[in-house]
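Since the structure is predicted, the reported quantities are computational estimates derived from the model, not experimental observations. First the proteins, then the strands, lettered A, B, ... as listed; each starts at 1.
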Amino acid sequence: MFSLGDLYKQVIIDHTKSPRNFGKLEPCNHDAEGYNPLCGDQLHVYLQINDSDIIEGITFEGQGCSISTASASLMTEGLKGKSIANFEILFEAFHKMATADLSDQPNQDVLGKLAVLAGVKEFPSRIKCATLCWHTVKSAIQDADKTARTE
Amino acid sequence: MNIEQIRSDFPILDQELYGKPLVYLDNAATTQKPQCVIDAVRSYYEKDNSNIHRGVHTLSERATAAYEASRETIRSFFNAKSTKEVIFTRGATESINLIASSWGRANITKGDEILITHMEHHSNIVPWQMLCEHTGAVLKVVPMNEAGELDMNAFTSLLSERTKLFGVVHMSNALGTINPIETMIKQAHAVGAVVLVDGAQAAAHMAVDVQALDVDFYVTSAHKMYGPTGVGVLIAKEVLLEAMPPYQGGGDMILMVTFEKTQYNDLPHKFEAGTPNIAGVIGFGEAIKYIQSIGLDKIAVREKVLLDYATSQAELFEGLRQIGTARDKACVLSFVLKGVHPHDLGTILDREAVAIRAGHHCAMPVMQFYKVPATARASFSIYNTEAEVDALFAALSKARDMFA
């Protein structure tokens with residue numbers, strides 16, 4: 001049985017209490033709003049993507065639970081300096097990890113530090129908290145006008 | 001009142017989650033069901049299942065009798081004048097939509113005002129917004145103070161001859177506030193408004209006499225009063241119901257149908273189109289009898305003791321901010337905890353087998369008022385104990401320590 005400690009790992013508590021890359025980004029050429037109507041989690045992501053499709057800068061703002069804040073914080077760390085193509089790979093890997101069967105191990109090679117969030121799959125009502133920021137970045141990259149949702 | 005005896009009436013309570021005894025403190029969302037309600041629903045399906053109001057066979061007659069007996073039980077519980085005033089619906093939400101749709105479209109025109117309050121559940125906001133959009137009427141809102149009490153001076157000044165309907169929640173699901181509906185009904189009537197009271201949260205906790213209150217529309221849901229989900233009631237004055245057009249068309253609500261014209265059925269059937277939730281209504285009646293067997297006066301006293309105990313614990317708990325501290329409140333402890341988001345609290349408490357609600361409680365304007373995205377809410381019922389309150393606070397300590 002998964003325990004609370006599998007979800008609220010020390011890394012997650014740490015990122016909750018002192019989120020990295022928190023605040024507006026200057027300059028910023030892509031941004032998007034994400035909202036989880038169930039929880040009221042709301043976040044805004046800012047990206048600076050250069051001509052070679054590299055994410056040069058990424059920050060976020062907003063309010064949410066521990067899982068959504070830590071996930072966004074870890075995501076910004078993971079995506080800084082990565083290409084859009086790389087984002088797509090990470091997005092898929094993260095999504096797979098969050099919704100995988102309980103027995104599946106996360107793809108540590110691809111996900112690296114992000115694998116710390118693998119525990120959410122045991123907490124179905126919290127999966128969206130972890131994935132919201134990823135959907136929001138996807139919206140920002142696609143310059144979607146609509147607020148990102150996790151559906 | 002023997003709490004152990006009451007607890008034994010609710011089979012669901014006797015279970016463990018994650019190796020700990022279940023502590024169910026989400027009663028404002030829905031209450032658990034006593035064995036007698038479960039048995040009534042089961043027995044209906046096992047012995048009497050049949051469609052009502054049409055069959056001449058024995059099962060249909062039994063089903064009809066049981067369904068209509070529930071209507072009488074509910075009439076008597078709320079002291080409605082007659083069973084013609086008792087309309088079964090899918091719940092409080094549908095009851096309000098019925099009023100907004102049927103009474104609203106017949107009576108509301110451009111420039112009219114609908115007055116509601118800041119602490120309404122979405123179900124008593126959105127139907128009126130929809131009606132206003134459709135008719136050009138204006139939605140006005142009675143403000144509240146920091147304690148979560150309605151501003152009665154503002155209420156008085158918002159009332160005018162333009163006010164056609166005043167809708168108010170009897171007891172707030174998000175705050176626990178009990179509103180002074182008696183006074184408010186009188187004041188609203190004085191300007192000619194009709195009054196709708198949303199009793200979804202209140203009806204299991206305090207006696208309601210619709211005639212004494214002189215309330216025009218009173219709505220509630222069975223599942224918050226130990227009954228099944230998917231069934232509720234609209235209790236309304238006959239004179240209003242007679243004048244209102246049907247809400248939905250279909251079977252059971254007609255006397256005579258030709259392609260040229262349909263003659264509608266008499267009350268209350270005019271508002272009950274289609275085969276209703278027969279088992280649900282029967283279970284609802286049984287739930288009311290269960291409440292009556294304990295007595296609402298005793299329930300109110302016991303629940304007050306429990307709320308006072310929980311409140312005193314909350315006041316001592318470092319970092320806890322109560323949301324909703326009205327002088328007159330019942331059964332709801334809504335709060336935020338410094339450093340721990342309500343959703344994390346919900347998850348952490350769940351692993352301690354303590355079930356609470358975390359979220360906006362379908363009352364987003366209340367969250368906006370307190371500038372919080374969500375609250376954690378423990379809500380109590382007759383089967384809850386002081387030991388369960390202790391379990392709640394022990395679990396909260398654990399959550400606080402995790403984020404310390």
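The CZ atom of B:Arg351 lies 8.5 Å from the CG atom of A:Leu7; values are rounded to the nearest 0.5 Å. One distance of note links CG of B:Asp344 with CD1 of A:Ile13; it measures 8.0 Å at 0.5 Å rounding. Expressed to the nearest 0.5 Å, how far CD of A:Glu122 lies from OG1 of B:Thr347 amounts to 11.0 Å. Here the OH-CD1 distance, from A:Tyr8 to B:Ile348, works out to 4.5 Å after rounding to the nearest 0.5 Å. The CD1 atom of A:Ile67 lies 12.0 Å from the NE2 atom of B:His343; values are rounded to the nearest 0.5 Å.
No part of A:Asp14 comes within reach of chain B, as not one of its non-hydrogen atoms sits under 4.5 angstrom from that chain. For A:Ser68, no part lies near chain B; criterion is any non-hydrogen pair under 4.5 Å.
Closest approach of B:Met402 and A:Leu4 over heavy atoms only: SD-CD1, 4.3 Å.
Atom NZ of A:Lys96 sits in a sparse spot, with 12 or fewer heavy atoms from other residues, nucleotides or ligands closer than 6.0 Å. Atom NZ of B:Lys20 is surrounded by more than 12 heavy atoms from other residues, nucleotides or ligands within 6.0 Å. Sparse packing is recorded around NZ of B:Lys140, with 12 or fewer heavy atoms of other residues, nucleotides or ligands lying under 6.0 Å away. Environment of CD in B:Glu16: crowded, with over 12 heavy atoms of neighbouring residues, nucleotides or ligands closer than 6.0 Å. Within 6.0 Å of NZ on B:Lys398 lie no more than 12 heavy atoms contributed by other residues, nucleotides or ligands.
In terms of heavy-atom pairs under 4.5 Å with chain B, the best-connected choice from A:Gly64, A:Cys129, A:Gly5 is A:Gly64. Interface remark: of the candidates A:Gln42, A:Arg126, A:Lys17, A:Gln63, A:Arg126 forms the most heavy-atom pairs closer than 4.5 Å to chain B.
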